[in-house]
Structures are given as structure tokens and as C-alpha cells.
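Structure record follows, encoded as C-alpha cells.
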Amino acid sequence: MSSAVPLAREAVFAAFRKATNQAPEAAAYAPGRVNLIGEHTDYNEGFVLPAAVDRGVALAARRVPGDTFTLHAVDFGDSCAFPRAPLERNPKHSWADYFKGVAWALLKRGINVPACEAAITGDIPRGAGLSSSAAYEVATVLLFQTLGGFELSSLEVAQLAREAENGFVGVACGIMDQMASAFGEQGKALLLDCRSLARETVAIPPGLRIVVVNSGVRHSLASSEYNKRRAECEEGVRIMASSLPGVTALRDVEPEQMARLAPALPPLVRKRCRHVVSENARVGQAVTAMRSGDTTRLKTLMAASHVSLRDDYEVSCPELDILVDLALPLPYCHGARLTGAGFGGSTVNLVEADAVGTFSETIVSGYRQHSGRAAEIHVFEPSAGARVLPTARTM
Ligand code: GLA
């Protein structure tokens with residue numbers, strides 16, 4: 001079991017010094033996130049309830065003369081260099097695409113990005129559904145902001161990071177991950193309206209810890225299946241809008257309207273829409289449950305979210321189902337479901353603080369027995385969002 005140790009400023013500074021023999025003049029850190037409930041609702045303009053975690057990605061850099069960027073991926077032991085223009089993805093160093101994507105998004109807005117040499121390191125598990133890529137993008141925006149001396153609001157930081165992912169990296173994600181990384185707060189989850197981008201914080205019920213279990217499984221079809229789900233939701237909106245004027249996204253459809261219009265939808269589209277409409281309603285109910293300390297209700301809602309993702313949205317997999325089925329009967333577990341896009345990745349569990357050790361042992365041995373695989377356990381603290389790290393130049 002790994003304990004939650006936030007990536008220290010010293011780690012990225014040391015990494016930069018090791019790679020370049022110099023001290024950095026700017027540095028930034030951004031956290032990954034775990035989503036408590038509200039899955040596949042963000043791109044349907046609905047509600048989500050993520051929390052930034054105490055693990056993330058950090059970058060440190062120095063400006064260099066000329067037009068060439070040099071990047072060092074400390075954790076991969078790899079480096080690459082590329083010109084400011086044209087910025088192109090490179091499958092040989094695909095880890096650099098996120099950095100390039102941010103430079104591309106800033107340049108597209110007419111913001112000049114200084115050429116630099118940068119080191120990147122992180123302590124958030126990659127490919128585990130914890131948004132390491134959003135953390136990397138958000139930290140890169142902050143890094144450029146410091147190097148270039150321009151000002152952006154946290155909202156602009158999140159929007160630029162998402163633009164990098166959508167327009168350059170080519171993943172059609174919603175805005176949840178970047179918003180959580182930019183706006184996280186210590187001890188709190190973030191209720192986010194993905195249409196208005198209005199935010200409220202929601203405290204984690206006292207005595208509960210967020211325990212993430214990484215299934216160790218990642219399906220290669222995740223990205224194409226994700227895009228298929230988006231298209232199926234859009235088809236549902238087109239059909240329902242003909243009898244519900246004013247509906248422009250699934251966010252606008254109430255559960256009663258969904259039930260009434262269900263027969264008009266093709267079976268697959270019906271299931272996808274039913275998940276999104278019901279999940280949106282569950283987010284509001286979960287916030288009420290959390291605020292009133294009703295953990296029994298919270299557990300029921302998280303379990304219903306998982307069933308809906310498994311049966312209607314079809315983004316779970318046997319390994320995630322095993323993890324949830326192992327967690328739900330445990331009396332000290334007050335919620336368990338898959339978190340993030342699905343198709344592998346992790347589950348999120350709300351566990352009584354003094355039972356975290358027992359929970360972890362039970363899950364690890366049960367998972368090994370039922371799947372033959374090793375589960376990786378992370379206990380996360382909901383944490384503050386992205387920040388610039390002080391350097392000799394910025395202090
Ligand atoms: C991924 C995407 C998010 C969101 C989730 C599913 O994490 O990046 O925008 O759609 O999947 O809730």
C-alpha cells in the first residue's frame with residue numbers, strides 16, 4: 001500500500017538539475033483527480049463531483065534563446081527536442097504531445113510561448129483513470145505562464161489545458177479533469193456544473209478516507225469507445241429534442257422525460273441516455289447525502305452509479321466489477337464504484353479511516369483470488385489545485 005506523499009518541489013528541481021546541470025527559473029505542479037460520482041456527464045453538460053488528489057505532475061524549466069524546446073521525461077528516462085513551429089505529435093515521444101498541445105493552444109490564442117528546456121516528473125499513477133494527462137497539461141499552462149510573464153485565470157488555465165487535449169492530443173474529453181486539477185481544495189470535493197462551470201465545494205464526510213484501487217487493467221479500445229459513447233448521447237439528444245424543445249444536451253432531460261421518451265430511442269441509445277440522465281440526478285442526491293452525513297444513502301447512490309455504468313453505459317469490465325463486488329459488502333466501506341472513463345483503470349471507495357488497512361488487505365487478496373491480478377491501493381487526501389512552485393527567480 002502506498003501512502004499519500006505529495007510530489008515535493010525538491011523532486012522536480014533535482015530532476016531538472018540532473019538533466020541540465022542548471023537551476024530552473026520556473027516550476028509548476030498540478031494534481032490528478034478522482035471522481036466520486038457523475039461519470040460521463042461532463043461532455044453532456046451535466047454535473048460531476050471530483051476531488052483533486054495529493055499526487056500529480058510537476059515541471060521545471062529555463063528559457064533558452066532561439067526556437068527549440070528540449071524536454072526531459074525524468075520518469076521515462078527519455079528526452080526530445082522540437083521546434084516551435086510546426087508543432088506536431090510524435091508517436092516516438094508521445095509523452096511530449098501534452099506539452100506541445102499546451103504550447104499549440106496558447107499560440108492559437110496569440111499568446112507567445114518562450115522556448116525553453118524543461119523536466120517533467122510525476123507521482124500520480126499513469127493509465128489508472130486518475131487524469132495524469134490533465135495534471136500534466138494544467139501544470140504546463142502554469143509553467144508557460146510563469147516563463148512568459150502573462151496572466152491567466154484558473155478557469156482559462158483549465159480551458160486551455162482541455163483545448164490542448166481535444167485539439168492537439170486528439171482525445172475528445174470533457175472538462176472535468178482539468179477543472180478538478182485547477183480548482184481542487186484541501187479536504188473537499190468539487191461539485192461542478194459542466195455547462196455554466198459554476199463550482200461549489202463539498203466536504204468529504206468526516207472519518208472517511210478516499211481509497212483508490214487500481215485494477216491494473218487498461219483497455220486499448222478506451223478512446224474509440226469513449227468517442228462512440230459521445231456520439232450515442234448526441235444521437236439521443238437529436239431524437240429527444242424533436243419532442244422536447246429547448247433540449248440541447250442530455251443535461252436538459254429530466255428522469256421522467258427520459259422514461260416517457262425511452263420507447264422513441266433505439267435500444268443502445270436509450271441505455272446510454274438513461275445512464276447519463278440518471279447519473280446527473282445521482283450527483284445532486286449524493287451531494288445532499290454528503291452534506292447531511294447520510295453515508296448509507298451515499299453508498300446506495302455510488303453502487304447505483306456503478307451498475308448504470310456497467311449495464312447501461314457498458315464502460316466497466318470484469319476486473320472493475322470484481323473490485324466493486326468485493327468492496328460493497330464490507331461494513332466499513334461507504335461507497336464503491338468505478339472512477340473515470342472506465343474500460344479498466346480504478347475504483348473509488350469511501351472507507352472508514354481506521355479500517356483502511358483491513359480494507360486494503362481484503363481487496364488485494366480477494367482480487368488476486370478472483371482475477372489472478374495484483375491490485376494497487378492508493379489512499380488519497382483531497383487536495384489543493386494546481387500551483388506555481390517558487391524558484392530563486394519567482395521568490
Ligand atoms: C475521462 C474524461 C473526462 C470524463 C470522464 C468520464 O476522465 O477525460 O472528461 O468524461 O472520462 O466521466
Side-chain angles (χ1 to χ4, degrees), residues 30-53 56-57 97-98 101 124-138 158-184 189-195 197 199 212 214-215 218-219 221-234 249-251 272-273 275-283 286 301-302 305-306 308-310 312-317 320 337-348:
R33 66 96 189 94
V34 59
N35 190 20
L36 299 183
I37 197 161
E39 221 62 87
H40 291 277
T41 45
D42 63 349
Y43 53 82
N44 289 297
E45 300 187 19
F47 298 91
V48 292
L49 190 65
V53 297
V57 174
D97 291 349
Y98 304 91
I124 181 91
R126 288 180 295 268
L130 299 171
S131 296
S132 56
S133 55
Y136 177 8
E137 290 152 351
V138 168
Q159 286 168 328
L160 271 158
R162 184 202 180 183
E163 207 175 319
E165 180 102 25
N166 289 172
F168 190 87
V169 179
V171 177
C173 64
I175 191 124
M176 166 169 72
D177 308 343
Q178 293 80 4
M179 288 294 284
S181 182
F183 286 99
L190 192 71
L191 169 63
L192 174 67
D193 178 336
C194 297
R195 173 172 279 166
L197 299 183
R199 304 165 296 280
V212 164
N214 182 358
S215 68
R218 190 80 209 146
H219 291 293
L221 286 177
S223 176
S224 60
E225 287 296 321
Y226 185 91
N227 291 344
K228 259 196 227 164
R229 298 297 180 284
R230 287 192 69 138
E232 287 156 357
C233 291
E234 281 159 22
L250 286 180
R251 143 73 175 271
R272 306 305 191 233
C273 294
H275 163 70
V276 175
V277 172
S278 64
E279 183 78 352
N280 251 334
R282 278 189 289 273
V283 177
L301 289 164
M302 287 177 74
S305 167
H306 185 81
S308 177
L309 287 159
R310 184 191 68 197
D312 274 352
Y313 221 59
E314 296 180 278
V315 294
S316 190
C317 61
L320 291 173
R337 54 179 287 280
L338 76 80
T339 189
F343 314 105
S346 302
T347 61
V348 58

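Just the heavy atoms: all of them, side chains too, but no hydrogens, waters or symmetry mates, feed the values below. Whatever order the structure lists them in is the order used to number ligands and atoms, beginning at 1.
Residues satisfying the side-chain contact (heavy atoms from CB on, under 4.5 Å) criterion with Glu45, sequence neighbours excluded, are Arg195, Ala249, Arg251.
Protein neighbours of ligand 1 below 4.0 Å, counting non-hydrogen atoms: Arg33, Glu39, His40, Asp42, Tyr43, Cys173, Gly174, Met176, Asp177, Tyr226, Gly340, Ala341.
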(request) Might you work through the salt bridge (Lys or Arg N to Asp or Glu O under 4.0 Å) test for Glu225 and Lys228, ending with a clear yes or no? (result) CA-CA 5 Å; Glu225 287 296 321; Lys228 259 196 227 164; 2.9 Å; yes
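Remark: the Arg126 side chain and the Ser132 side chain contain no N/O donor-acceptor pair separated by less than 3.5 Å. Between the side chains of Ser305 and Arg282, no donor N or O sits under 3.5 Å from an acceptor N or O.
Under the 30°/60° scheme for interplanar angles, the aromatic rings of His275 and His40 are found to stand perpendicular.
Between Ser133 and Val169, every side-chain heavy-atom pair lies at or beyond the 4.5 Å cut-off.
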